[in-house]
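Labels below follow one simple rule: chain letters A, B, ... track the order of the sequence lines, proteins then strands, and each chain is numbered from 1.
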Amino acid sequence: MIQVLQSAGRKYKSNKKTRLIKKSTSKAADTRISKTPDVHMMRVRRGTKNSIDQYRMLRMFPMSNKMILRKSPIQKTFMSVMALVLLAGTPFSVHAGPREQAKRIYDRLAGVPPTEAVLDSMEKCFSASPSYDISACNSAGGNGINVADGAMKAAYIAMQDSGFYNVTLKNFTASWTNEEQSVFVPLNDYTATVIGMIRDSDTVDFREVLSGNIIYIGQSTTPAYNNDNNLHYEAMENNNADLKTELVQRTQTQVTGLADPATAGVMTTRAAARAFFVDGTNRAMFRFTLINHLCTDLEPIKDVTRPPDRIRQDVSRSPGGDSRIFMNSCVGCHSGMDPLAQAFAYYEWSYPMGGDPDSGHLVYDSTERPVDANDPSKGLTRAQPKYLINSTSFPYGYITRDDSWTNYWRNGPNALLGWNGPQSSGAGAKTMGQELANTDAFASCQVKKVFRTVCLRDPLSNVADRSQIDTMVSSFKTNGYNMKRVFAEAASYCKDGAAYQ
Amino acid sequence: MNKMQPANMMQNHKSNKPLAYRMLGWFGLCLLSAMVLTGCGGGASTSANPNTATPVLVTYTGPAAATDDIRAFQLNFWENLRAENRCGSCHGNGQDPQFARSDDVNLAYTAALTVVDVNQPDLSTIVSKVRGSGNIGHHCWLASTDACADIITAYIEAWVGGNNSTSSKIIQLTAPAIREPGDSKSYPANDADGITNFTTLPSAALSLHGLLTANCAGCHVSTSRSAQAPFFAESDAAKAYEELKSSQKIDLDDPSNSRLVVRLRNEFHNCWTPAGVDPNAALDVKCGAAADLMQAAVTAFAANLPIDSVDNTLIYSKALKLSDAIVASGGSRHEANAIALYEFKTGSGNIAYDTSPISPAMNLTLTGDAGSYDWVRGYGIEFKNATAKAQASVVNSTKLYDYIKDVGEYSIEAWVVPSNVTQEGPAQIVSYTGTNGDTNFTVGQSLYEYDVLNRTGATGADGGPATQTQNETLQATLQHVVVTIDPVGGRKVYVDGQLKETDTANLGNLTNWNANYAFVLGNNQGRSRPWAGKIRMLAIHNRALTPEQIQQNFDVGVGEKYLMLFNVSAYTGNNDDYVMFEVSEFDNYSYLFTKPTFINLAATPVTGRSIHIKGMRIGVNGKEVSVGQAYRNMDQTISPSATSDELKAGILLSSLGTIIASQKGSENDEFFLTFEDFNGNMHAYTEATPTAPPVDPTLPTRPQVSDIGVKTFDEINNSMAKMTGVSPLVTMTEYNVLKQQFPSVENINGFLSAHQMAIAQLSIAYCDALVEDSTLRTNFFGAFSFNSAVDSAFGSGDSAQKNQIVDALFNKMIGLPGTGTALSSAPDKLSVKTELTGYNLSGTKVNTESLFDRLYNGCQTNIKLDPDPISGGPAFRSPLCVQDATRTKAMVKAMCSATLGSAAMLVQ
C-alpha cells in the first residue's frame, strides 16, 4: 500500500505542473486497491492508524493521493484536516448575539474572517449604549445610519476590509464580463470599474455603470492600461494589489481615447467589448446587459405585439421554412431588441482575421459608407458592416443606417420594467444605457444581486423578503443609487437566521 | 418581357447544333408510339385521360418560314404543339384556329396570332383555355391543366421574347370589386364578463383559466424561476385574462386555430396527460387529448360571443381576398437556356411537372411514406423525412445528358429552404445520380454549407472532391442557390445573388457523364442521403448563367405574387385612389406583404393633393392582426407636387416588408388596411397600461434553501491568507493549480469531497509557509521552541506548550473571543482541543486518537508494519522518522492545517 502511494507521490513530484486532479493516475491507484477489496480491508484493519487513515482517505478521495505524500513530513496530518471539517459549531441561531451576527456580516461582505480586534469593534456597533465607543462604526461610513441599526454600521466596518473589493466585489462582477458567465476570469477593466464605482458609492451614482465616461485603473500598476491587452489588470491581480487603494477613477476618454459621446459605462470597456462586440451582430451586448443589469433574459420579456419594423434583414422570417416560429417566437424579442441594440451600431471588436480575439481592441467608427457597394440605390450607412450581414435572409427587413435607438417596450407588457429615463429614443449607447439604468428593473436587479451575494440565496417570494427587497430598492433610489448602502442593508437583513424564519 | 425580340434559343446556342435540330433529332429517335387522340370539339371541357406520351411529329415539307418571327414561332411553339397527341389532331386538321396545321407554317402562324397575346403570354387565350379552372381545362395532355398552361406559356415566351430580356413585364392594373371588411368575433366588451367566461366555461376545472393554471403555471407565470411570457397562467384570473387577450393566443372565430391548441396538438409543447389517458401513451395521443380539452375550453369561451362588424371608429380601407388581386408573378426571369423547369404549382398529387419548353418533360414522381412530403402553398414541395424523394425516369433524365454533355456547361438554379442546419452526408438536394453513389452532378447540404459535385474527366465517378461553400453560407431560410459549371470558370456557387465559392480544380469536359442516371430531388435513388427542406423552384440551364442573369432571377423572387389594391376613396374622395401591396404566400403559414404604394388608377390622376398617411395596420378577417404590424410607425405624406405619372406609377410608402399569419387559408382570408391618420381622418390608438402581477397574500411553501453557505475559491484563499498572516503571493502557485477545484458557488448543497481535498491541500501550503517563517509564526503562536525536538517543544501531558498552540489556533481561527467571549456559532474550544491534543479543558486525557497522539505515535523508527497489503510480500519498516525539530514544525503545521481547513473557516 505504501509503495503504491509513494510511487504515486514520486510521479507527481516529477511533474509539478500537472493538475492535481488527474483522473488517469488516480484511477490507476484506485483500481489497484479495488482488486482485492475484502482482503485489503482486513489487512488494513490490522495495520497502523496511519495506514488506516491513508486508506480511508484514498477511498474517500482517491484523486488526492498524490498530494497526500507530496510533503512527506506533514502527509499524515491530512486526515486531521478532515477530522475538524465536521466541527461546524452549533447551527446559526435566530438568537445569535451581536458578535456572531458581526462575524457573519464580516464573512459575507469581506469574504474573509475578521480579526478579533475588528470583531470587537463591530460588536460595539450593535449597542447604543454610551459606554461603547462606536466612533469606529461611524467613521467607517455608518455615520448616516440610524443608531438602532447597529448591523448596518457594523457592515460599513466590514466593507473597509480589502477583501470586500479584492474578493467579494471582484467575484460579484466577474461573471458579467463574459458570455460563459464564468467567475474564473482575470480581473479586467469592466470588473475594476464596477469595484471602483461601488467603493466610491458616496460620490458615484451607480446608474453611471451603463452610461458614464468612467473607468478605474491601477494608479501605480505596470504595465499601464493598453487598449490591446488586459495585462494591466492581470498584473494587479498577480501582485495581489489592494484594489481598495490601488484603483483610481479616470474617464474613458483619458484612458482609452474614446470620445465622450461614445462612452457608455462598462459597456464600452475593453472586457465587455471583447466579450459582447466580438463577431456576431452586437445583439449580445444588449442581451447580456439585460441579463446582468436588469436581471432578465429576453425570454421572459417576449412581446410579439410590438411592430417588427426595426428587425434587421438578417433575421429569417421563416426559420426552417416555418414562419410560425418567427411570428410566435423570434419577433417577440427582436421587435424590441433590435431597435434598442441599434445604439451599438458604431462599435466593433477588431482583431486580426484568423487571429486571437484577445489581442483585439474596441473600435468606434461612424464613417459613412455605402450599404451595398454594388448597388448605390440602397444608400449610405454609418453602421458597422456586421449590422448589414445576411441581408438576403429577408431583404424587406430594416436597414440600419445610424445608431439611433427607440424603446418600443415602454408600451405593452414590458412597461412593467418601469422606464423612468428622460427619453424613449435617442442616438448611441450612452443614452440607451441611461434608458436601461433608469428602470425599476435596474434598481431591483442590483438589489437582488447584492441580496444573493450577501444572503447566499435568492430572495424568497414570501412577504418578508418581498418587503425587504422593496425597501432596499426604494432606499437605493432615494440614496443616490449608493451600492455600498445596499450591501450594508442586505447584510443587516441577513445577519442571522431571523430573515429566514 | 420584350415582346418583339425574337431571339430564339437556337440562335443563342453555343453548340454547333441548333437546338431545334437537336430536339427534332431527339424526337426522331422516338419510334412511333401509340397515338392517343383526344376528342375534337368546340372547347367544351373534358376529362380525358392525360396523354403524357412524347409528341410524335411527321417531317415538315411545307413552305419555309417567311420571316424571322415565323421562324421563331416554328421552332419554339409550332413544333411543340402540332403533333397529333398535342393540338394537331384537331387544330391541325381543320378545326379553327388552325395554329397547329402542318401543311404551312406561315398560315399556322397567322392562326396562332388570334389566340396568343404576345405582350402577356400568360394571358393568351390559348393558355387560359387550356388552364380552365378547377383543373378542368381544354384537352390538357397532362394531369395538371396548370402544367399544360405553363408549358404553352413557356413556348410563347420562347417564341416572342427570347427570354433574355431584362425589361419588365407589363401588368395592367384594374380596379377590384368593392368589398367591405367582414365580421368577426371579439372579446367581451366588459372585462368582467370575459373573466367570468375565462374561469367558468365549460366548467371551472376545464375552463381556460383552469387548464392554464393547472398545466402551464410551471413557466407561464411571472414568479416562475423559468418565467416565460405571456403569463396567462397567473393564479389571478384578471391578470391571466389580460395576458391572454394581449397576446391573442386564442382564435375566437376558429378555436382550432388558437395558438394554445396548435401548440399542443401540432407542436407537442409540454403536453400534460389528461385524466383517462394512459400516461404511457404516445406523445401525439397525450398532446391530442390535451389539445382537445384546450380547444373545448376556447370553444366554450367563444361560443356565445356576438359577431361584430368592423369597429366603425377605425379608419379602414375596402377589403380584398387574394382571388380579387392581380397576379403579378412571372417577372423577367432569364430562362433562355432552361432545359428543365419546376415551379411546383400543382399543389397536390405526386407529380411535379417540368414546364420548360424543352421536351421530353422530365416530370418528377414524388414518393415516400405517408406524410413524408408535402406541397407548399405559394408553390413548392417539402421533403419531410428520409423516405421522400422526387425522381424522374431514367429515360426522361437523359434530357440532361443530351443537352448538357456536349455543351460542357450548365447551371442548377433553385429556391430552397433547408429545414435545419444539422443534416449532412451531404444530404442531397438536387442530383443526377446513379444507384451506387456515382453521380453526374449533385448539390447537397453539409450542416451550414452547400456541397457541389460534378463529374468530369478529372474527377472520380462520384464527382468529387466536393466543392464546399464557407462561413456558414447555408441558412435554414429561403435561399436562392445557383451552381454554375463550365470548363473554364469551374464550379461556382451563388447564394442570393452573391458569388460565395469558386473552385477551378478538376476542370474538364463532361464526356464521361453516364446517361443511365436519374434526376432526383431530396434524396438519392436509394434513399440513403435524405435532405429535409423545401424546394420552391428549380431550373436547369445548359449554360453557365452570368452573375447579371443570376441577380436578375434572384430579384424576380419565387412564388405566386399578387398586387392587392385597397381602395381608400372614402378618405380621399377620389374613387381611383388605392394603397397597393405586393403580396405573396410566404410559406404555408403566412403572407408576405411588401411595397406599400399609394397609387391612382385614373387615366389622368388628380394632382396637387397633400395626403397624410400615418400608422397603417393590416387587418385580416375583420380584425387588425396583433403580430407583424411593420407599418404601425409609418408616417408619410403624398406631396402635392407629385406628378400625374408618379401617381399612376405609384408612390412607395415604405421599403419594408412584413409577414402576416394566415388564418383561414389563401382562398378565404380577407384583408383590409387601417390607419391612425389618413388624409385627416383619424383614429387614436391607445394601449392599456399593464398591471403588475398581484402580490399573493398567502405565504408560499418555503423552499428548502440553506441559510448558510460555503466560501468560494477566492474567499477561501484570502481567508487562509488572513487567518495565517501569510501573503497569498507565497502560495500563489499552489492556489492557481487548485483554483477551479474549490467551490465556485456558495450553495452548501453543492459542496463535494473534491472541494475539501483542495481546501486541505491549500491549508497545508499556508500552514507550511506560516511555520517556516520565524516572524510570522512568532506573531501567530508567540514564543515556541520550533527548533527543539518534539518532546522538548511540546512537553508532556496537557502541557503549556500544547495549550499555547491550541489557544493560538482557536483564538485566531475559530473562536475569535477578542475581549469578549468566543463565538457561539463556531466549534467550541473543548471540541478543538480534544481533537488536536486529546485533553479536555480540565487537562484530563479524553481522546487517545487525537491528532497529536497519532502524529507522535506514528513516528517511531521501530514500528513493524504488516506485510505489503497488495503484493502480500515481506513486511517492511516505516520510513525513517525522528522526533527532531523538523518533526516539531511538521506537527505544528499539521495542527494548524487541521484547524485552518475546517468548517470554521469554510462555512459562512
Does any N or O in the side chain of [X] come within less than 3.5 Å of the main-chain N or O of [Y], such that one atom is a donor and the other an acceptor?
X        : Y        : result
A:Arg99  : B:Pro817 : yes
A:Lys103 : B:Leu823 : no
A:Glu116 : B:Gly818 : yes

What distance separates [X] [atom1] from [Y] [atom2], expressed to the nearest 0.5 Å?
X        : Y        : atom1 : atom2 : value
A:Asn390 : B:Gln479 : CG    : CD    : 8.5 Å
B:Arg632 : A:Tyr408 : CZ    : OH    : 8.5 Å
A:Leu416 : B:Thr689 : CG    : OG1   : 9.5 Å
B:Thr819 : A:Asp120 : OG1   : CG    : 3.5 Å

By a 4.5 Å heavy-atom criterion (distance strictly below it), what part of [X] contacts chain A: side chain, backbone, both, or neither?
X        : value
B:Val745 : neither
B:Asn718 : both
B:Pro230 : neither
B:Glu267 : side chain
B:Tyr589 : both
B:Phe554 : side chain
B:Thr691 : backbone
B:Asn811 : both
B:Gln908 : both
B:Leu592 : side chain
B:Ser655 : backbone
B:Lys739 : both

Response to the item:
Taken in chain and number order and not counting sequence neighbours, the residues that satisfy salt bridge (charged side-chain N to carboxylate O under 4.0 Å, His left out) with B:Lys534 are none
Worksheet entry | Shortest non-hydrogen contact between A:Asp496 and B:Asp707, atoms and distance | O-OD2, 4.1 Å
Fill in: Heavy-atom pair with the smallest gap, counting every atom of A:Ser323 and B:Ser590
OG-OG, 2.7 Å
Worksheet item: Hey, are B:Glu243 and A:Lys302 close enough for a salt bridge, meaning a charged N less than 4.0 Å from a carboxylate O?
Response: no
For chain A, the option from [options] that forms the most heavy-atom pairs under 4.5 Å:
options                                : answer
B:Gly533, B:Ser654, B:Ala661, B:Gly497 : B:Ala661
B:Gln475, B:Glu746, B:Lys711           : B:Lys711
B:Arg259, B:Arg536, B:Lys595, B:Arg263 : B:Arg259
B:Glu382, B:Lys722, B:Met634, B:Gln498 : B:Lys722
B:Ala476, B:Ser662, B:Gly820           : B:Ala476

Chain B contacts, top residue of [options] (heavy-atom pairs, under 4.5 Å):
options                                : value
A:Thr168, A:Asn374, A:Ile301, A:Asn239 : A:Asn239
A:Tyr106, A:Phe326, A:Phe394, A:Tyr398 : A:Phe394
A:Ala415, A:Cys455, A:Gly321, A:Ser316 : A:Gly321

Worksheet item: Strictly under 6.0 Å, is that where the ring centroids of A:Tyr396 and B:Phe593 end up?
Response: no
Worksheet entry | Test side-chain contact (heavy atoms from CB on, under 4.5 Å) applied to A:Ile399 - qualifying residues, sequence neighbours left out | A:Gln313, A:Val371, A:Leu388, A:Arg401
